[in-house]
Amino acid sequence: MHAPIKLVEKGLSVVANGVWTVFATANKVAQNPSFTPAWSDKPLLKSYQKTKPPLGWPRETDSLCPTCVREARQDILDGRKDVSVLLNEKVGEIKATILERDGKILMVKECPIHGRFEDVMAIDTAFFKHLEEVFPGRDIRAHNDEKLHNHGSSTIQHGRGSVLTVDLTNRCNMMCDPCFMDANQVGFVHELTWEDIKQVLDNAITIKPRRQMSVQFSGGEPTMSPHFLDAVRYARKVGYSSVQAATNGIEFAKSFEFAREAAEAGLRYAYLQFDGIGNAANSHRRVGNLFDVKLRAIENLHKAGVDIVPVITIVNGVNNEQVGRVIEFALDNPKRINFLSFQPVSFTGRDEEVTPERRAAQRYTLSHLAHDVKTQTGLGEPTRDWFPISFMGTFTDWADVVHGPDTPWGNLTCGCHPNCGVGMAVMIDKETKEAVPVTAFLNAERLAKDVAQVNDAARGKFLSIAGMTLALFRNYDPFKAPKHFRLTDLLKKFDKTFGATGKDYGKVSGDRTMADIEKRRSDRWNFLFIAGMWFQDLFNYDFRRTEMCIIPYATQQGEISFCAYNTGIGWRNIIEKMHMTASLTKWYEEHGRHEIFAGNKHVPMADASHSLVLNAEAVAAGAQTDLDEQGIAKNARDEKLAARKKTQMTPAELRHHQEMERLYRQEVLKEQPTIQIAGLGGRPKPQSSPVQEVVHGKQV
């Protein structure tokens with residue numbers, strides 16, 4: 001028996017469906033031209049003007065040979081070639097084919113020198129097809145960007161992006177694998193000066209379309225930079241309303257005062273490294289109490305007014321069984337968590353030379369994620385409830401029309417390639433904890449088509465809001481919505497997200513207060529967004545994705561695609577060496593050694609208490625053992641140790657390995673150096689406790 005209000009809402013939906021027919025017909029007559037907003041030198045795009053990369057399969061694209069790239073990069077790092085070759089030549093580039101085989105989507109490519117490479121793009125062809133079919137098209141082409149976008153084949157060409165990443169330092173207080181940047185093991189420190197930080201943030205607002213990006217300070221561990229708080233403050237000052245930190249949470253867990261200072265400086269989100277539920281699920285990071293650290297960090301950050309986004313690097317066979325447990329954690333704590341970011345492993349950094357055997361065993365795709373969510377939680381149908389994150393572009397376009405030509409910033413948009421990122425929205429009742437995928441009660445595909453028609457008509461604010469309201473009404477099914485959810489709640493959610501009517505839901509601008517934060521949090525309904533962001537590696541690299549990147553890195557050499565920076569030709573390695581601050585030894589001489597938590601060391605916390613709801617069974621569960629049972633290494637370090645037992649190293653390889661091992665033990669684990677006496681092999685100083693190898697780590 002449905003509540004009377006649900007019957008009334010169903011009636012409104014039916015009426016709206018009829019009214020829409022008249023409205024849509026009138027909207028097609030004498031449509032207005034698109035205006036050119038203050039934040040762009042080019043007009044807004046109508047839906048039919050948007051371009052798309054080649055999609056479907058089989059299709060050919062431009063990719064890279066993993067071996068050619070590593071060799072070419074090393075030539076640049078060693079000074080045998082100049083970095084200009086990356087601007088003028090197609091270094092390491094080969095063609096690749098994306099095709100279907102045995103019910104999977106694969107990338108297949110062949111280098112004339114190094115042979116054939118294959119990798120899995122998706123395990124569900126229907127899911128892959130769905131994502132590409134609902135992709136709305138690219139954003140306004142980037143312009144006024146010549147000084148910052150000049151990176152050869154890796155140059156970003158479309159849009160302005162959604163998150164600008166600024167690595168404040170390559171220093172880190174953990175020692176992990178996988179790690180995009182090989183933190184603590186490259187032999188030098190690369191740390192932005194205060195002038196560097198201001199320069200890259202000032203540069204960022206010159207590119208058009210000038211959209212309201214989030215600025216994410218990262219590293220290494222960004223809280224280790226002496227400029228962290230000032231950087232947050234400055235980003236808010238120049239106009240970025242959403243400032244984030246990609247962090248392991250250690251400093252926030254150790255000190256509520258630090259969390260409060262960060263919030264007061266303007267930190268809005270903490271992208272918190274979060275591998276799973278319980279210390280066992282995090283044991284591959286080799287920090288004894290890492291899960292306790294995460295819980296305390298969430299406690300301190302939320303109390304300070306910072307929103308938390310757990311970021312889960314998913315490695316098949318290592319922690320993929322944690323997908324459901326992490327979502328359950330979010331459902332159990334809807335007042336604390338409203339965004340989850342799952343990141344399928346990218347074999348780069350310390351994992352770049354992964355063996356084919358381990359790569360095949362550990363590969364995890366966005367289609368894996370959608371199916372694991374359904375299997376482990378019962379939530380979501382892959383082809384009904386999951387969409388590319390670029391799907392939201394149609395709604396961003398609507399907000400741009402509504403806000404008019406004079407606003408100084410465009411709305412945030414996630415116009416990336418449909419193979420890059422996906423998401424599912426779940427509406428949660430904070431009081432009863434009932435959870436329902438939004439697209440179970442809202443016909444998202446038809447809604448997007450309706451809104452695109454509203455946008456194309458360009459009728460101005462009033463009629464555009466009226467059109468969106470009608471579209472929401474007619475695509476809403478109250479009988480499938482949560483029990484206490486109302487149509488008015490749906491309208492409020494859209495208005496709160498896009499700021500169409502100007503109603504005060506609590507400010508998000510730089511002058512926001514705790515009262516504003518509490519006002520936004522007081523909403524009964526938690527719109528939980530479960531996202532999957534799959535960064536490329538050399539085995540699945542696609543330049544069509546790179547040129548549409550929405551999460552560029554701001555560097556001393558301009559803004560570079562996330563994947564081109566961390567993988568691809570590896571701009572990170574090159575730029576950090578070009579702008580090296582000091583060798584590791586020199587840095588330690590001048591600044592002392594920073595603390596690194598490794599070897600199962602515990603992070604000291606004055607207070608480890610928290611008020612989060614936990615599933616005791618999940619907390620007590622042991623670590624995942626799939627790879628152990630298959631006899632496959634879990635990480636690059638274990639893989640290299642196994643390889644040493646199978647093959648005899650050349651003298652040069654042995655010397656290199658010994659030197660890296662010495663640096664690791666001396667500089668990271670802080671062991672005393674081995675004493676050498678002429679003609680004799682010295683012995684290491686005995687340790688009070690055995691040193692344990694450090695594996696798996698940060699990838700956010």
**Student:** State, without any angle test, whether D489 and W525 hold a side-chain donor-acceptor pair at a distance under 3.5 Å.
**Tutor:** yes

**Student:** Charged N to carboxylate O below 4.0 Å: is that the case for E431 and R524?
**Tutor:**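 Here E431 pairs with R524 in a salt bridge, since their nearest N and O are under 4.0 Å apart.
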
**Student:** Measure from the ring center of F135 to the ring center of F391 and say whether it is less than 6.0 Å.
**Tutor:** no

**Student:** Can you tell me if K335 has over 12 outside heavy atoms packed within less than 6.0 Å of its NZ?
**Tutor:**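 Atom NZ in K335 is not crowded, with 12 or fewer foreign heavy atoms closer than 6.0 Å.
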
**Student:** Could you list the residues that satisfy side-chain hydrogen bond (donor to acceptor under 3.5 Å, both in side chains) with S561, not counting sequence neighbours?
**Tutor:**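 With neighbours one apart ignored, the set is empty.
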
**Student:** Enumerate donor-acceptor pairs with a distance under 3.5 Å from any side-chain N or O in residues 495-503 to protein atoms, sequence neighbours excluded.
**Tutor:**
unit_1 : atom_1 : unit_2 : atom_2 : d
D495   : OD1    : A500   : N      : 3.1
D495   : OD1    : T501   : N      : 2.9
D495   : OD1    : T501   : OG1    : 3.2
D495   : OD2    : T501   : OG1    : 2.5
D495   : OD2    : Y505   : OH     : 2.8
K496   : NZ     : R520   : O      : 2.8
T497   : OG1    : K493   : O      : 2.9
T501   : OG1    : K503   : N      : 3.3

**Student:** Taking side chain to side chain contact (heavy atoms under 4.5 Å, CB included) as the definition, give me every residue that meets it alongside T155, ordered by chain and number, with sequence neighbours left out.
**Tutor:**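 Scan of T155 (side chain to side chain contact (heavy atoms under 4.5 Å, CB included), adjacent residues dropped) gives H149, H151.
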
**Student:** Mind checking what makes salt bridge (charged side-chain N to carboxylate O under 4.0 Å, His left out) contact with R521, not counting sequence neighbours?
**Tutor:** D307, E518

**Student:** Strictly below 4.0 Å, N to O, side chains only: are D456 and K46 in salt-bridge contact?
**Tutor:**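 Here D456 does not pair with K46 in a salt bridge, since their nearest N and O are not under 4.0 Å apart.
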
**Student:** Measure the CH2-OG distance between W409 and S241 for me, rounded to the nearest 0.5 Å.
**Tutor:**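 These two atoms lie 8.5 Å from each other.
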
**Student:** Of all residues at least two apart in sequence or in a different chain, which pass the side-chain hydrogen bond (donor to acceptor under 3.5 Å, both in side chains) check with T394?
**Tutor:** none

**Student:** Is there any salt bridge (Lys or Arg N to Asp or Glu O under 4.0 Å) pair reaching into residues 552-568, and which pairs are they, with sequence neighbours excluded?
**Tutor:**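 Listed by first then second residue: R160-E559.
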
**Student:** Any chance the rings of F441 and F485 have centres within less than 6.0 Å?
**Tutor:**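 So the answer is yes for these two rings.
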
**Student:** Can you tell me how far apart OG1 (T439) and CH2 (W386) are? Round to the nearest 0.5 Å.
**Tutor:**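 T439 atom OG1 to W386 atom CH2 measures 10.0 Å (nearest 0.5 Å).
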
**Student:** Does V19 have any side chain to side chain contact (heavy atoms under 4.5 Å, CB included) partners at least two apart in sequence or in another chain, and if so, which?
**Tutor:**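 Per chain and number, V19 pairs via side chain to side chain contact (heavy atoms under 4.5 Å, CB included) with V15, L470.
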
**Student:** Is it true that K430 and D523 make a salt bridge, defined as a side-chain N closer than 4.0 Å to a carboxylate O?
**Tutor:**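 Answer for the salt bridge query: no.
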
**Student:** Using only atom types and a distance under 3.5 Å, with no angle test, would you say the side chain of N17 pairs donor to acceptor with the backbone of R474?
**Tutor:** no

**Student:** Any chance NZ of K449 has more than 12 other-residue heavy atoms, nucleotides or ligands included, within less than 6.0 Å?
**Tutor:**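 No, because the 6.0 Å sphere around NZ of K449 holds 12 heavy atoms or fewer from other groups.
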
**Student:** Crowded around Y48 OH? As in, over 12 foreign heavy atoms under 6.0 Å?
**Tutor:** yes

**Student:** Please tabulate, for side-chain N and O atoms in residues 412-424, each donor-acceptor pair with protein atoms closer than 3.5 Å (sequence neighbours left out).
**Tutor:**
unit_1 : atom_1 : unit_2 : atom_2 : d
H417   : ND1    : N419   : N      : 3.0
N419   : OD1    : R59    : NH2    : 3.0
N419   : ND2    : E132   : OE2    : 3.2

**Student:** Under the rule for side-chain hydrogen bond (donor to acceptor under 3.5 Å, both in side chains), what residues qualify as partners of S214, not counting sequence neighbours?
**Tutor:**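 Here the qualifying residues are S242, Q244.
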
**Student:** Can you name the residues that form a side-chain hydrogen bond (donor to acceptor under 3.5 Å, both in side chains) with Q212, not counting sequence neighbours?
**Tutor:** none

**Student:** In chain order, what residues pass the side chain to side chain contact (heavy atoms under 4.5 Å, CB included) check against N150, with sequence neighbours excluded?
**Tutor:** L87

**Student:** Identify, with sequence neighbours excluded, every residue that meets side chain to side chain contact (heavy atoms under 4.5 Å, CB included) alongside K237.
**Tutor:** Y234

**Student:** I want to check something: taking the side chain as every heavy atom from C-beta on, are I389 and M533 in contact at a cut-off of under 4.5 Å?
**Tutor:** yes

